[in-house]
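Reviewing the structure listed below.
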Amino acid sequence: MKLRDLADQLQCRLEGGATNPGDIEIQRVAGIEHAQPGDLTFLDNPRYGSFLGTTRASAVIVSVAQAIPDGAALGVLRSATPYITFARAVALFAPKSTQKPGVDALSSVAPDATIGPGASVGPFVTVGAGATIGARTIVFPHAAIGAGVHVGDDCLVYAHVSLRDRVVVGHRVILHDGVVIGSDGFGFAKQADGTHLKIPQTAGVVIEDDVEIGANSTIDRPAVGETRVRAGTKIDNLVHIAHGVTVGQRVIFAAQVGVSGSTVVEDDVILAGQVGVAGHLRLGKGVMATAQSGIPGSIDAGQYVSGSPAMPHTDWLKASAAYRQLPALRKRVAELEHRIAELEEKLEECRSRLNPQTPRNS
Amino acid sequence: MKLRDLADQLQCRLEGGATNPGDIEIQRVAGIEHAQPGDLTFLDNPRYGSFLGTTRASAVIVSVAQAIPDGAALGVLRSATPYITFARAVALFAPKSTQKPGVDALSSVAPDATIGPGASVGPFVTVGAGATIGARTIVFPHAAIGAGVHVGDDCLVYAHVSLRDRVVVGHRVILHDGVVIGSDGFGFAKQADGTHLKIPQTAGVVIEDDVEIGANSTIDRPAVGETRVRAGTKIDNLVHIAHGVTVGQRVIFAAQVGVSGSTVVEDDVILAGQVGVAGHLRLGKGVMATAQSGIPGSIDAGQYVSGSPAMPHTDWLKASAAYRQLPALRKRVAELEHRIAELEEKLEECRSRLNPQTPRNS
Amino acid sequence: MKLRDLADQLQCRLEGGATNPGDIEIQRVAGIEHAQPGDLTFLDNPRYGSFLGTTRASAVIVSVAQAIPDGAALGVLRSATPYITFARAVALFAPKSTQKPGVDALSSVAPDATIGPGASVGPFVTVGAGATIGARTIVFPHAAIGAGVHVGDDCLVYAHVSLRDRVVVGHRVILHDGVVIGSDGFGFAKQADGTHLKIPQTAGVVIEDDVEIGANSTIDRPAVGETRVRAGTKIDNLVHIAHGVTVGQRVIFAAQVGVSGSTVVEDDVILAGQVGVAGHLRLGKGVMATAQSGIPGSIDAGQYVSGSPAMPHTDWLKASAAYRQLPALRKRVAELEHRIAELEEKLEECRSRLNPQTPRNS
C-alpha cells in the first residue's frame, strides 16, 4: 500500500524527508526498534524520540509536534493520537479470517437454531436448540453454543468456547479460545453431616456489546439474579468471574484476576494481573488496583490501591519499602532498648547521688 | 407450581398472610431483594429480616422462629434449614438438560467402549478404547474421554472436558467445561548439560463420588503412585492440582487455588481464592486459609491461617494492620533515636558535673 | 521385563541380594514407599536410605556409592544419576498412545495442509489451510490447528489445544490439553470518550524445540514483533504468557505463573507457582523467584528473589520473619516511648537540681 493511500485512510498529514513520501510502499506494521524497510511504525512517547534517527522503518506515525531529525529519509504521518492511528493501521494490514461464511457441513446445528446472514459456523461447532447466532458473527471450530443462547452480530467466537444454555452475548463481542460462560457458580450449603449440598445455578449471564474476553477465562452463572459484564469491558486470559458478579462498562481486568461472588465492579475500574477481589463488595467507579492486590472490602470511587490486604497505593509504597527494612528496624529498636537500659541505670545513679536518702526504685 | 405442592415436596409447614396461601402460584425462585410476584425466595440470616416487609416475592422460606411482619401478604414456608430448603426449591425449578439420552451419530465412540443405560453422549464426543460411561451420565459436546477411562453413574461431563487415558471418575461427579484430568505432572530431572529430562507421568488419577470441579481446572497425573480427590470435595474454576496430590473428603478449593506436587490435603480443608500450597506438605483436617495465602509448610489440623507465608490468622490480622503503620513506626523509632541521643548528652553533662574528675566516656 | 534386560537398556551395573538378580521380573515402576513386589523403584536422596530396609520393591536404582542393608533381597541397579535412570525406566514402562497413525475420517483437514509421515490426526481435529503437521506428530481429538500453522516432528498436541493462525511450533514439543497459543494479546488504546480501541494483534508466536506447555496455559500473539518461547523450556498448567514476551532456553515456569507484555525472560530462569511478572522487564539468566513473588522491575542475572514486591531472598526471609513479629515490635516501641518520657522527666529534675537557676526548657 502506498503511504499516500494510508495517509488518506488514516486521515493523517503526510510529510517526510524522502523525495516523494507519498510513493513509499508499505508492506507491514512494526515496532520502531525492530522495524525493517517496508514497515510503518509509530512514536507516541517523546522519550523514545531518539529512535527516529536510527529506525529502519520506511514511515512513521508521529504527533503533530514531534520533531523529525534532519536528513531522516522516512515518510511521516502526523496524527493528534499516534497510538490510536497506529492501531487503525495495524487493522488495515491484519490478515482476514480464513473461515468462510456459511454453516460447515461438519457442524451440529439444531434445526430450530437461527444463523444470521453472513455468519460463519465452523467445523465441529455445536449450536443448541433455539439458539441464535447474529449476522456476520464467526464461530470457530469446536465452539459449544448451548440451547437458547443468543449471540449478537459481528462477534468472534473462537475455538473451544463454551456458552452454556441461555447465555446472552451482545454485538461485536470477542471471546477467545477456551472461554467458558455460564458454568455453574460455586454455591453449596453445608449440611448437618458436613457434606456440601449443591445450590443449583440456573440463572442467566449477560455479556454486553463490545466486550472482549481472553483465552480460558471463565464466567459463572448464579442460582438467582444474573452475572453481567457491561459494554466495552476488556478481560484478559485466565480470569475468573464468579456467580452474580456485575462488571461495569469499560472495565479492564488483566490476566489471572479473580472476582468472587456477587461483587459489583463499577465503570472504568482497572485491575492489574492476579488481583483477587472478595465477594459481596462494591468497587467504585474508576478504582485501580496494582498487580497481586487482594481486596477484602469495598473501595470508594477513584481510589488507587495496592497490597494484600489492599490499602491506598501511596501508603503501600511506603509500607512495602519499610517492610524490606524491617530487620534493620528491629535492630534499631533492640539497640534503643540497650541504650535506654543504660541510661536508666546511669540516671538512677545520678539521682541517688543527688538524693542519697531516696531508695533506688522511687 | 402451587405453594401447597411445594410445601409437600420440600416438607415445610405452610403459613402466610394471604387468604389461601396454598393456592399461591410459584413460577420462579429469586433472591429476596430482586424477587418479583410469582417468585419464591428465602430468608436465612435474621439480619436481613427487614426485607420481609418490602420483598415483592409471592412466598418465602424462613426458619421456624422467624417473625413475619403483620399484614405481609406473602406465603410462608417454615423450615429448620431455610437455605438448604431453598437449594432444593431451586433444583425443582431448574431447567432440564436438553441433551437426549443415547449416543449422538456425530460422536466417535470406540467399539469396545461401554455406554451405560440412559447415558447421553453428545455430538463430537470421543470415547476411547475400553472406556466406560456409567448409567444416566451425560457427556456434553466435544468432551474427550481417553482410552480405559472409567466414568461412574449420574455424572455430568460438560463440553471440552479432557479425561486422559485411564482416569477414573466416581458417581455423581460434575466436571465443568474445559476441565482437564490426567495431564502429565510437571516432573523433570536436570541433566548435566542443563537440559530438563522429562520424567514420564503415566500413573493414575482417581476422582471419587460426588466431587464437583469448576471450569478450566486441571488435575495432573504423577509418574508413580496416584493423584486422588476424595468424595464430596468441591473445586472451583481455574484450580491447579499437581501430580501425586491427595485431596481429602468434603474439601473446598475456591477459584485459582494451586496445590503443588505430592501434598496431602486432609478432609474438610477450606482454601479461599488464589491460595498457593507448596509441595510435599500435609494440611491437617479442617485447615482453613484465607484468600491469597501462600502455604510453605505443613499445617496442623484445625488451624486457620492467612498471609504469604501463611501464619495463624489472628497473628496475621495484627501483623497486616501493623504493616500499614510501618512508615509511622519507623518515624517513631527515628524520633526515639533522636530523643535518646539528646538524653545521653544531657545525662553525661549531669554526670560530669556530679563527678568533675571522671573522664567523659567512663 | 527381566531386571537383566533393564540393566542393559538403562546401562546400569546389576547387583543384589537375590540369588539371581538378573532373573527378577519387573512389571511396574513405583515410589520407594508405596512399591510392591514386581516394582522397580529408586533412591536418589541418601536421607531416605532407611527405606531400603523396608521397601517391598523387587529392585531399586541407587547411586554408585549407596550402601545396601545386609540381607535385603532386592535387586540393585547402580547408576551415576539414579533419578535420571529412573526417568528412563518409567519411559520404558509407559503405555503407548492408543491413537493410530493416519488421518481420522472424522477430522477436518484443509486440502492444502501437509501431514507428515507417521503423523496421527485424531477425530474432530481441524487443520487449517496451508498448515503443516510434522512427521510422527500426534494430534489428539478436538485440537484446532489454524491456517498456516507449522507444527514440527515428534510433537504431542493433546485434546482441545488451539493453535491460532500462523503459530509456529518446533520439534518434540508437548502441548497439553486446552493450551491456547496465538490468542490476541491484551492491547488497547484509550480513546477520548473513555472507550478502549482494540490494537489488532496479528504478529507471530514461535514455540521452539523441546518445549512442554501445561494444560490450559495461554500464550498470546502481539500486534508487532513476536512472542517466543525458546528451546527446552518447560511450562506448567494455567500459565499466562502475554504478547511480545520472550522466554529463554531451559526456563521453568510452575503453575499459574503470569508474565506481562514484552518482558524478556533469559535462559535458565525458574519461577515458582503463582509468580507474577510486570511488563517490559528483563529477568537475567538464571534468576529464581519463589512462589507468589510479584516482580515489578528487572532483575540481574543469577539473583534469587522472593516477596511481592520481590526482593533478594535472604532479605525477604528476614523481613517476612520480622513481619510476623510486627505487633510485638510496635509494643516494644510504645514501651520505649514510655520509658524515654519517664527518663526525660527525671533527667530534667536532676538538671534543675544541679542548676536551680536554669529554666526547665533550657
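Order of the sequence lines sets the chain letters (A, B, ...), proteins ahead of strands, with each chain counted from 1.
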Quick one: does [X]'s side chain get under 4.5 Å of [Y]'s, heavy atoms only?
| X | Y | value |
| --- | --- | --- |
| B/R351 | A/E349 | yes |
| A/T126 | B/F124 | yes |
| A/V224 | B/H34 | no |
| B/L354 | A/C350 | yes |
| A/R166 | B/P95 | yes |

Would you mind checking which part of [X] comes under 4.5 Å of any heavy atom in chain B, side chain (CB onward), backbone (N, CA, C, O), both or neither?
| X | result |
| --- | --- |
| A/S217 | backbone |
| A/A159 | neither |
| A/L106 | backbone |
| A/L347 | both |
| A/A129 | neither |
| A/V179 | neither |
| A/V277 | neither |

Drop me the distance from [X]'s [atom1] to [Y]'s [atom2], to the nearest 0.5 angstrom.
| X | Y | atom1 | atom2 | value |
| --- | --- | --- | --- | --- |
| B/D268 | A/K190 | CG | NZ | 5.5 Å |
| A/L343 | B/K346 | CG | NZ | 12.0 Å |
| B/I174 | A/D184 | CD1 | CG | 6.5 Å |
| B/N216 | A/H240 | CG | NE2 | 11.5 Å |
| B/D236 | A/S183 | CG | OG | 8.5 Å |
| A/Q191 | B/R250 | CD | CZ | 12.0 Å |

Between [X] (side chain only) and [Y] (backbone N and O only), is there a donor and an acceptor less than 3.5 Å apart?
| X | Y | value |
| --- | --- | --- |
| B/Q256 | A/V257 | yes |
| A/Q274 | B/Q274 | no |
| B/N237 | A/T218 | no |
| B/Q292 | A/S293 | yes |
| B/H160 | A/G178 | no |

Query - Atom NZ of A/K318: over 12 foreign heavy atoms under 6.0 Å - result: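 No, NZ of A/K318 has 12 or fewer neighbouring heavy atoms, counting only those of other groups under 6.0 Å.
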Choice from [options] maximising heavy atom contacts with chain A below 4.5 Å:
| options | answer |
| --- | --- |
| B/R88, B/R28, B/H142 | B/H142 |
| B/D210, B/D44, B/I252 | B/I252 |
| B/Q249, B/E212, B/Q99 | B/E212 |

**Report entry** Ion pair B/E337/A/R339, N-O distance below 4.0 Å
**Finding:**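 No, this pair does not count.
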Requested in this report: Applying side chain to side chain contact (heavy atoms under 4.5 Å, CB included), name anything that partners B/F51, two or more places apart in sequence or on another chain.
Outcome: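 Side chain to side chain contact (heavy atoms under 4.5 Å, CB included) list for B/F51, sorted by chain: B/I32, B/E33, B/Y48, B/T54.
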**Report entry** ring-ring contact (aromatic ring centres under 6.0 Å, His included) partners of A/H313, counting only residues at least two apart
**Finding:**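 By the ring-ring contact (aromatic ring centres under 6.0 Å, His included) rule, A/H313 matches A/Y304, A/W316.
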**Report entry** Interchain contact, B/A334 with chain A, by part (heavy-atom threshold 4.5 Å)
**Finding:**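 It is both, since atoms from each part get that close.
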